[in-house]
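Reading through the structure tokens given below for one structure.
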Amino acid sequence: MATTTAEAETRQRLLRNVKKEVKQIMEEAVTRKFVHEDSSHIVSFCAAVEACVLHGLKRRAAGFLRSNKIAALFTKVGKSFPPAEDLCRKAQELELVFESKRSQSLSYSESSRKMPKVPNFSPQAVRYVWIHTALIEKVLDKIVLYLVENSSKFYEKEAILMDPVDGPILASLLVGPCALEYTKMKTADHFWTDPSADELVQRHRIHSGHCRQDSPTKRPALCIQKRHSSSSMDERPSPSPSARDYVESLHQNSRATLLFGKNNVLVQPRDDMEAIPGYLSLHQTADCMTLKWTPNQLMNGSVGDLDYEKSVYWDYAMTIRLEEIVYLHCHQQVDCGGTVVLVSQDGIQRPPIRFPRGGHLLQFLSCLENGLLPHGQLDPPLWSQRGKGKVFPKLKKRCPQGSSDSVSDKEEEEATDYVFRIIFPNSHSDFVTVTHTSHLSLGTVLLARSLSLNSRRLWPHKRQTLVMPMRHCSCPGGPPSSPEPSLAPELIDQGANMWHPTPRKSSCSSCSQSSFSDGAPPNGCNHERAPLKLLCDNMKNQIISRAFYGWLAYCRHLSTVRTHLSGLVNHTIVEPDLPGDAYGGLTTEVWQKFLQDCNSVHLLWSECVPALLQAYEEKELLRLVYFGGVEPSLRKEVWPFLLGHYQFGMSEAERKEVDEQMRACYEQTMSEWLGCEAIVRQREKEQHAVALAKCSSGTSMDSTTQRIMHRDSTISNESSQSCSSDRQRDSRLQSDSSSSTQQELLDMYTLNLHRIDKDVQRCDRNYWYFTPANLEKLRNIMCSYIWQHLEIGYVQGMCDLLAPLLVILDDEAMAFSCFTELMKRMNQNFPHGGAMDTHFANMRSLIQILDAELFELMHQNGDYTHFYFCYRWFLLDFKRELVYDDVFAVWEVIWAAKCVSSSHFVLFIALALVEIYRDIILENNMDFTDIIKFFNEMAEHHNIKQILTQARDLVCKVQTLIENK
């Protein structure tokens, strides 16, 4: 017995491995749209299949002394099975090619004429070449099926292929992978790689011809999760790129188990149309059970992508969570196989579901009951009858009292309509118990359930059981006799004391007939009026309470969002079209008028009035730059204003004065660091000469070294005194007589000088502007800035920030001043500052609130919500992501946005970059490595107008959300 159990476990383990690998391949084929024949999933699949095929193989079944048992087995099968014969020939040719490559006995050029070119297989793929070739040739499932049908010739009795159940299952599992088309390499020398970013973008354009439904200008959903939905509208899949995924989810997959499936099930979505056929399926996941109905028109794979996703039939598709359903009304009819009406917790009836003939209704209920176990059940349960399986409960119709007719015909006695309830005995909700009846009204069902819920809310310490009022139903031929409602006496008494309804004529036929005999007053129904009043008032209270708490949760969430994001945007929303059209940008006409006004004001007005005019003009100009940019011919004049070199409102004379001061400062700084550089170059030259002399002579050079070092120190002092006698940096060299301090200063500057030289030579070498002369200007500006900021030093990337400024301004002193102003903000992004972590945290908050779906994908696929892939974006203000003309446009908008919309506008540009490609990221299920590769390949290929428009819309979206408009 122990041996048999161990063998069964081995077979199940082998079968599970194959199932897992098949699932991986099929999911990859769906999500990636392709599978490469040399992917790791294929290799793992071949290994799992080979283990099953070789399990329990007879020693002599494949041949004597064969090292490759799979080759021997397939060769023997090929003698009597033609598909295996063709496979053997191809596999042997491949083996010969592999062998010739290993042995190098034949030249590749000669053998390639006679043998087919093959991919550069990995060693693992070569090991399973027979299984791999059978898979690619789509005969693996046929060969395995042949082995199953003739297993007694090849296998021992404990083999998996000998098992009457596991063997056919294994053969069936291989049908799917054998039906796929696998991607091949272009040549034998090229390794297969993931599709490029450009290819992903092209695929997205082909497969999605629609726009996103949620406009950035609309207020975003706050994603408040409802525990108990009371919506009367059926959930349906949105017509998006996930439409294909929805149809694929109707089948068995790794996330949900398919419990029941039936096509041609009729549903009438609207009253003004006829019932349409569709596919009904019941799915079970770890969390819940879901019922889906999809019109047959959406299941047709021949429909084009655009028509397919925009089809009106998506309005009719239903996705119903069974946890929201309380009752199932089942009606057996002669003309069809039966109808089911689902009733949710709030009493809303779903459209009737009509099954075709053939017992499918009972089969659906049986699958539903099995899926509910062990945590839930149908009440009452289906009966198990020997020979028939599950059958409906035997409920007989109640015969009128006094009838002398004998009950002989069972078909007339048995009920044809049923009401089932879904209950969860272990849950905390005690709903009303429902008995089955052929004429049970929905109002009675909801009344009893609401009474039970409300009684528990009013008296939580007295949990009562309520049975449906079924006796003396007014309709003829009603249900069988059942107990009266077992309401607790306290409930009835307290209800009667709390409400005193006015006497009215009872609508209950049973009370009107027997009220006098029971001693009840003739003008009313005591056991109905108080519970009805209790029900109505409590339902009203529940509705008000639910609305209040929903509103309260929304307000609390909104308050948290407003507090957290309020510092990222300006609170005043600047409209793009007031006054005038701002999308035209800052033109030459507007700029010349502004300069003329500044000069006129300074000549004619007092000092207080220009300040007011300056504030107004600056605001208007920045608004134009923010929405439309600067005309390219004006950038050289406007950028110094945007960066702070000039102040808005300065006259021409004031601007000239600022230029002269800055030029003098720049020249002074250059003379200081050039003197220091001369010392550094001389020292390096002499040290290099000493090193060469030491290597050539091989003798001790201690005395010579000391003499040269003494001379170096003397030169340093003399050079410092002569080059910068009365300047600030020279005082740093002369004030301290300690040679160690001078040496430390020289070493620090030498290190930065080498870094600058290295980066300057590599900076945008392909751009037309950077000739050797202009590269020298770039180096001068960078060395001057570092000389003034030695405590910070040069960090890689600073040249990237300086280069666009020099291209536009083409003036060393002006570029130096503007770069100094720019670095006041950008310095904090480098490692010595702490702004980068703040950018990542703000980016995380923005995406989490504005695009929860994308944030969830990032969190699940390796959790790259740290947003490290945005590091280069924030460090260089997107300079490496865009071509130069686009860099100019983006930078001037960032500078203007500080006063117009947000001082953190770079966050919204980064968010716009992610949002524009969000559908591609979701479709391809990208992880951290994928998204870095994607954006690296997309560098300099972005549509900057679209990105800036999206970024401005996102700012407005956050501003609107904060103001709660």
Side-chain angles (χ1 to χ4, degrees), residues 1-26 41-95 98 124-180 252:
M1 178 64 69
T3 304
T4 304
T5 304
E7 293 172 354
E9 291 178 354
T10 301
R11 290 195 298 268
Q12 291 302 316
R13 176 176 55 80
L14 293 172
L15 196 59
R16 280 196 303 270
N17 291 339
V18 176
K19 288 180 180 179
K20 181 183 70 174
E21 300 303 333
V22 170
K23 188 181 300 182
Q24 289 283 353
I25 293 174
M26 303 309 289
H41 296 312
I42 296 297
V43 175
S44 301
F45 168 78
C46 294
V49 174
E50 182 173 305
C52 292
V53 173
L54 294 180
H55 180 254
L57 186 67
K58 291 181 179 180
R59 291 186 177 181
R60 300 185 179 182
F64 293 98
L65 303 176
R66 291 295 297 269
S67 59
N68 191 339
K69 295 183 180 180
I70 285 291
L73 177 62
F74 282 14
T75 302
K76 190 167 185 178
V77 172
K79 296 178 180 179
S80 56
F81 191 55
E85 183 180 4
D86 297 337
L87 168 68
C88 294
R89 185 180 65 257
K90 295 178 181 178
Q92 288 170 358
E93 290 178 354
L94 290 176
E95 280 189 331
F98 293 141
Q124 294 82 4
V126 173
R127 178 181 176 184
Y128 307 109
V129 64
W130 284 78
I131 298 291
H132 186 276
T133 306
L135 174 65
I136 302 303
E137 297 297 328
K138 302 181 180 181
V139 295
L140 181 60
D141 57 333
K142 300 180 178 64
I143 294 176
V144 173
L145 182 60
Y146 177 85
L147 291 173
V148 170
E149 294 174 349
N150 301 273
S151 56
S152 58
K153 299 179 181 179
F154 305 100
Y155 294 96
E156 305 288 349
K157 62 179 181 179
E158 70 275 4
I160 185 174
L161 295 185
M162 281 288 290
D163 190 89
V165 176
D166 294 341
I169 289 178
L170 175 63
S172 301
L173 286 172
L174 304 181
V175 174
C178 288
L180 297 176
Q252 185 85 13

Validation row: Leu73, Leu147 side chains within 4.5 angstrom (heavy atoms):
yes

Salt-bridge criterion met for Glu156 and Lys58 (N-O under 4.0 Å)
no

What pairs with Lys142 under side-chain hydrogen bond (donor to acceptor under 3.5 Å, both in side chains), at least two apart in sequence or on another chain?
none

Quick one, Cys178 with Val139, criterion side-chain contact (heavy atoms from CB on, under 4.5 Å). Give me CA distance, side-chain angles, the key distance, then yes/no.
CA-CA 7 Å; Cys178 288; Val139 295; over 6 Å; no

Quick check for you: to the nearest 0.5 Å, what is the distance between Glu93 atom CD and Thr133 atom OG1?
10.5 Å

State the CG-OG distance between Leu145 and Ser172, to the nearest 0.5 angstrom.
8.0 Å

Interatomic spacing from CG in Leu15 to CG in Asp166 - rounded to 0.5 Å:
5.5 Å

Mind telling me whether Phe74 and Trp130 have parallel, tilted or perpendicular rings, with 30° and 60° as the class edges?
perpendicular

Nearest heavy-atom neighbours spanning Glu137 and Lys90:
OE1-NZ, 2.9 Å

Between CG on residue Asp163 and NE2 on residue His55, distance to nearest 0.5 Å
10.5 Å

Gap between atom CG of Leu57 and atom SG of Cys52 - 0.5 Å precision:
13.0 Å

Is any side-chain heavy atom of Val77 closer than 4.5 Å to one of Phe154?
yes

Is there a side-chain contact (heavy atoms from CB on, under 4.5 Å) between Thr75 and Gln92? Walk through the geometry before answering.
CA-CA 10 Å; Thr75 302; Gln92 288 170 358; 4.2 Å; yes

Which pair of non-hydrogen atoms, one from Leu173 and one from Lys19, has the smallest distance, and what is that distance?
CD1-CG, 3.5 Å

Hey, is the main chain of Val49 close enough, under 3.5 Å, to the side chain of Tyr128 for a donor-acceptor pair?
no

Shortest non-hydrogen contact from Ala159 to Gly56?
CB-CA, 3.7 Å

Between Ala48 and Glu21, which heavy-atom pair has the shortest distance, and what is it?
CB-CG, 4.2 Å

Could you tell me if the side chain of Phe45 sits less than 4.5 Å from the side chain of Leu140, heavy atoms only?
yes

Please assess Asp141 against Tyr146 for the test side-chain contact (heavy atoms from CB on, under 4.5 Å), listing each intermediate value before the final yes or no.
CA-CA 9 Å; Asp141 57 333; Tyr146 177 85; over 6 Å; no

Quick one: CD on Glu149 to CG on Leu161, what's the gap to the nearest 0.5 Å?
11.5 Å

Show your reasoning for whether salt bridge (charged side-chain N to carboxylate O under 4.0 Å, His left out) applies to Lys79 and Glu85.
CA-CA 7 Å; Lys79 296 178 180 179; Glu85 183 180 4; over 6 Å; no

